[in-house]
2 protein chains.
Amino acid sequence: MSRLTRNGDPRAAQTLKAQLRLRQMILDGELSAGERVPELMLVERTGVSRTPIRAALLRLAEEGLLEPADSGGFVVRAFDEADVYDAIDVRGMLEGAAARRAAQRRPSRADLSDLRDCVGAMDAIVARRTLGVEQFLDFVRLNERYHALLVGLAHSPVLTRAVERIVTLPFASPSAFVMAQSELADARRILTLSQEQHRAILEALAAGANERAESVAREHSNLAKHNLHAAAKRDAPLDKIAGGNLIRLRMAAV
Amino acid sequence: MSRLTRNGDPRAAQTLKAQLRLRQMILDGELSAGERVPELMLVERTGVSRTPIRAALLRLAEEGLLEPADSGGFVVRAFDEADVYDAIDVRGMLEGAAARRAAQRRPSRADLSDLRDCVGAMDAIVARRTLGVEQFLDFVRLNERYHALLVGLAHSPVLTRAVERIVTLPFASPSAFVMAQSELADARRILTLSQEQHRAILEALAAGANERAESVAREHSNLAKHNLHAAAKRDAPLDKIAGGNLIRLRMAAV
DNA sequence: TTAACTTAAATTGTATACAATATTGCGGCT
DNA sequence: AGCCGCAATATTGTATACAATTTAAGTTAA
């Protein structure tokens, strides 16, 4: 890399800075759901002027973390339990479709081995004697990579984009479930189960079993749903999920 | 319309104006695919200042009609045949899923009758002695309404939004096929076939036949694909589709 | 006390000025 | 001719000033 200006183009540096900071503020709960986000407050906290702040607000609204207020400006979006399940559900559907197409296309050996590498690395983590925060974060990264690779194998830009849009909601991400139960005793059991599904999808892809690829990928998303449900029943652990503070659960019959 | 824009109020009037005009310019082919879109040119043509122009550019980029240029700014996005089929395919998948869920939920009589009204109105158009541009436009509007209602019946905000995002690409819209063959002699035959599918979906919904609802809704999107394919083979009629100029078809083996 | 009105502050939408970077066209050179 | 500097231009990203509108506070009247 001879040019420093290549990857993080300094042209939109201020906008990017504002965008990242704002997203962090929302996900960390620094701003609570339903709250207005005045531009001047962001100017003060980020040190950039209103123009890039404005661009960042538009982008975050597109991501779905903000929504326009009636009188102008934006408020932090609030989600309820139904939204969460809905998002996971649709993600499962899209990933299922992606898996099916991927299997139909007969992925190359190189692609398959990329996936296998992911699974292997995750296996290594699960096999460890103790699981700390470090390990969880590593697992999350690998898991996200696995899912991104899987979706990419469908070679459908539209599908890929659709999944990306949903996954920007942090609790809809394929790794939300990992953090959701990071304190539960049976964390390892869940990760292991998840890995079995990863492997099953992989096998189905390799075998061109498109039906099976789809159904397993779809079922895989149910793991996330069940886990979040379990977490919700215990009432507390939603804070562990990025953006968990955005979820307004009217805890009730379960 | 998108949830991101407050349409009624005069607060964002300039931005909205710029957004609408720019979209029109792109879809009408006033700007050709791959072309840069300088802000000052838009300032000149729309009469609003750079700030709302900028907002409009961001929004159109989000819609997918523009893409960011390496050196900053935006260019009109170009699509190829594969993109078009891909988009229609994914739309079909999503509408299929929506139809399935709608059937599972057992839509209310009121909802069903809304759909029935659409179909009825479209029937009336198809039954006419002659079909002119007027009739086609009416059919398009009704068809779009039918599809929007159908997707809405799934009661999945995430799914709805995903479809909306895809449909902003004009050639992926459920009505693209209507204009695609507006000059062909067998237009009425196609519309009739389309109506049969509309009716079949409706019946499946009423009967709670979720499998059937899904498969018919899915198949329905293939009609669009086949029609575009036929249109592409004849080489010319793509101009009839809104945004057809954005499609770079490397016409080849068909 | 509460409701309504008035005024001040805050906040957004818009326009414009400025700085940094990209692009273009031209002249000179090999 | 063809290619490389280099200046002139164009274009974007950012900051800030201004106007219109909304929100809030404070005051008065019932």
Side-chain angles (χ1 to χ4, degrees), chain A residues 1-23 25-26 30-32 34-62 65-77, chain B residues 1-23 25-26 30-32 34-62 65-77:
Chain A
M1 303 286 177
S2 52
R3 297 260 183 101
L4 339 155
T5 65
R6 203 63 171 181
N7 39 8
D9 58 44
R11 296 259 292 188
Q14 307 305 309
T15 298
L16 190 62
K17 184 170 155 189
Q19 192 178 340
L20 295 176
R21 178 89 176 85
L22 176 53
R23 179 158 42 209
M25 286 171 68
I26 295 172
E30 212 168 325
L31 273 50
S32 43
E35 190 180 334
R36 246 190 115 98
V37 188
E39 295 172 5
L40 290 177
M41 181 264 278
L42 292 176
V43 167
E44 185 183 280
R45 292 209 211 180
T46 63
V48 309
S49 80
R50 277 186 62 210
T51 308
I53 293 285
R54 216 136 216 291
L57 285 169
L58 277 177
R59 293 230 162 91
L60 272 285
E62 252 313 316
L65 292 177
L66 297 175
E67 62 184 354
D70 298 342
S71 60
F74 297 90
V75 301
V76 179
R77 189 149 158 227
Chain B
M1 279 273 181
S2 125
R3 259 187 306 131
L4 296 176
T5 48
R6 291 168 292 109
N7 281 347
D9 59 4
R11 297 256 292 186
Q14 305 306 308
T15 298
L16 190 61
K17 183 171 157 190
Q19 191 177 343
L20 294 177
R21 179 88 175 85
L22 176 54
R23 179 159 41 211
M25 285 171 69
I26 296 172
E30 211 168 327
L31 273 49
S32 44
E35 189 179 336
R36 245 189 116 99
V37 188
E39 295 172 5
L40 289 177
M41 180 264 276
L42 294 176
V43 167
E44 184 183 280
R45 292 210 211 178
T46 63
V48 309
S49 81
R50 276 186 63 212
T51 307
I53 293 283
R54 216 134 215 290
L57 286 169
L58 278 177
R59 293 229 164 93
L60 273 285
E62 261 311 321
L65 292 177
L66 297 176
E67 63 186 352
D70 297 344
S71 60
F74 297 90
V75 303
V76 179
R77 189 146 160 232

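Each chain gets a letter, A, B and so on, in the order the sequences are listed, and its residues count up from 1.
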A.B. asks: Which one, C/dA15, C/dT14, D/dG13, comes nearest to the side chain of B/Arg50?
C.D. replies: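 Output: D/dG13.
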A.B. asks: Return whichever of A/Arg36 or A/Thr15 has its heavy-atom-nearest nucleotide of DNA chain D closer to the 5' end.
C.D. replies: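 Its nearest nucleotide being more 5', the pick is A/Thr15.
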A.B. asks: Side chain of A/Glu39, heavy atoms from C-beta onward: which of C/dT14, C/dG13, D/dA15 has the nearest atom to it?
C.D. replies: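 Shortest atom-to-atom distance from the side chain points to C/dG13.
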A.B. asks: For the pair made of CG in B/Leu58 and P in D/dG13, what is the distance, rounded to whole Å?
C.D. replies: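 Distance, rounded to whole Å: 9 Å.
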A.B. asks: Whole-Å distance between D/dA15 P and A/Lys17 NZ?
C.D. replies: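 My rounded result for the distance is 9 Å.
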A.B. asks: When you measure from the side chain of A/Gln14, which nucleotide among D/dG13, D/dT14, C/dT14 comes out closest?
C.D. replies: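 My answer, after comparing the listed nucleotides, is D/dT14.
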A.B. asks: Figure out the CD1/P separation between B/Ile53 and C/dA15, and round it to whole Å.
C.D. replies: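 The answer, rounded to whole Å, is 9 Å.
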A.B. asks: Verify the contact: side-chain N or O of B/Ser71 to OP1 or OP2 of C/dT23, cut-off strictly under 4.0 Å; return yes or no.
C.D. replies: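 Result: yes.
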A.B. asks: How many whole angstroms separate atom CG of A/Asp70 from atom P of C/dT11?
C.D. replies: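 Between P of C/dT11 and CG of A/Asp70: 17 Å.
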A.B. asks: For a quick test of reading the model, state the closest non-hydrogen atom pair linking A/Arg36 to A/Pro38 and the distance between them.
C.D. replies: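 Shortest heavy-atom separation between A/Arg36 and A/Pro38 comes out as O-CD, 3.4 Å.
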A.B. asks: Mind running side chain to side chain contact (heavy atoms under 4.5 Å, CB included) on A/Met41 and A/Leu31 for me, showing each step along the way?
C.D. replies: CA-CA 11 Å; A/Met41 181 264 278; A/Leu31 273 50; 4.2 Å; yes
A.B. asks: Round to the nearest Å and state the distance from B/Met41 atom CE to D/dA10 atom C1'.
C.D. replies: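 Rounded to whole Å, this separation is 14 Å.
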A.B. asks: Could you check which of C/dT11, C/dT16, D/dA15 has an atom nearest any side-chain atom of B/Ser49?
C.D. replies: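 Between C/dT11, C/dT16, D/dA15, the one nearest the side chain of B/Ser49 would be C/dT16.
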A.B. asks: Rounded off to whole Å, could you give me the CG-to-C1' distance for the B/Leu42 and D/dA10 pair?
C.D. replies: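 My rounded result for the distance is 15 Å.
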A.B. asks: When you match A/Val37 and B/Thr51 each to their closest nucleotide on DNA chain C, which lands nearer the 5' end?
C.D. replies: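 Nearest-nucleotide comparison on DNA chain C picks A/Val37.
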A.B. asks: Report the distance from atom CD of B/Glu39 to atom OG1 of B/Thr46, rounding to the nearest 0.5 Å.
C.D. replies: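 B/Glu39 atom CD to B/Thr46 atom OG1 measures 11.0 Å (nearest 0.5 Å).
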A.B. asks: Counting side-chain heavy atoms from C-beta on, which of D/dT11, C/dG13, C/dT14 comes nearest to A/Arg54?
C.D. replies: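 Nearest listed nucleotide: C/dG13.
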A.B. asks: Of all heavy-atom pairs between A/Glu30 and A/Arg45, which one has the smallest distance, and what is that distance?
C.D. replies: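 It is OE2-NH1, 2.9 Å.
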A.B. asks: In whole angstrom, give the distance that lies between atom CG of B/Leu40 and atom P of C/dA22.
C.D. replies: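 After rounding, the reported distance stands at 18 Å.
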A.B. asks: Kindly give the heavy-atom pair with the smallest separation between B/Thr15 and B/Ala56, and that separation in Å.
C.D. replies: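 Closest approach of B/Thr15 to B/Ala56, heavy atoms only: O-CB, 4.2 Å.
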A.B. asks: From the options C/dT16, C/dT11, D/dT12, select the nucleotide whose nearest atom is closest to the side chain of A/Pro38.
C.D. replies: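 Nearest nucleotide to the side chain: C/dT11.
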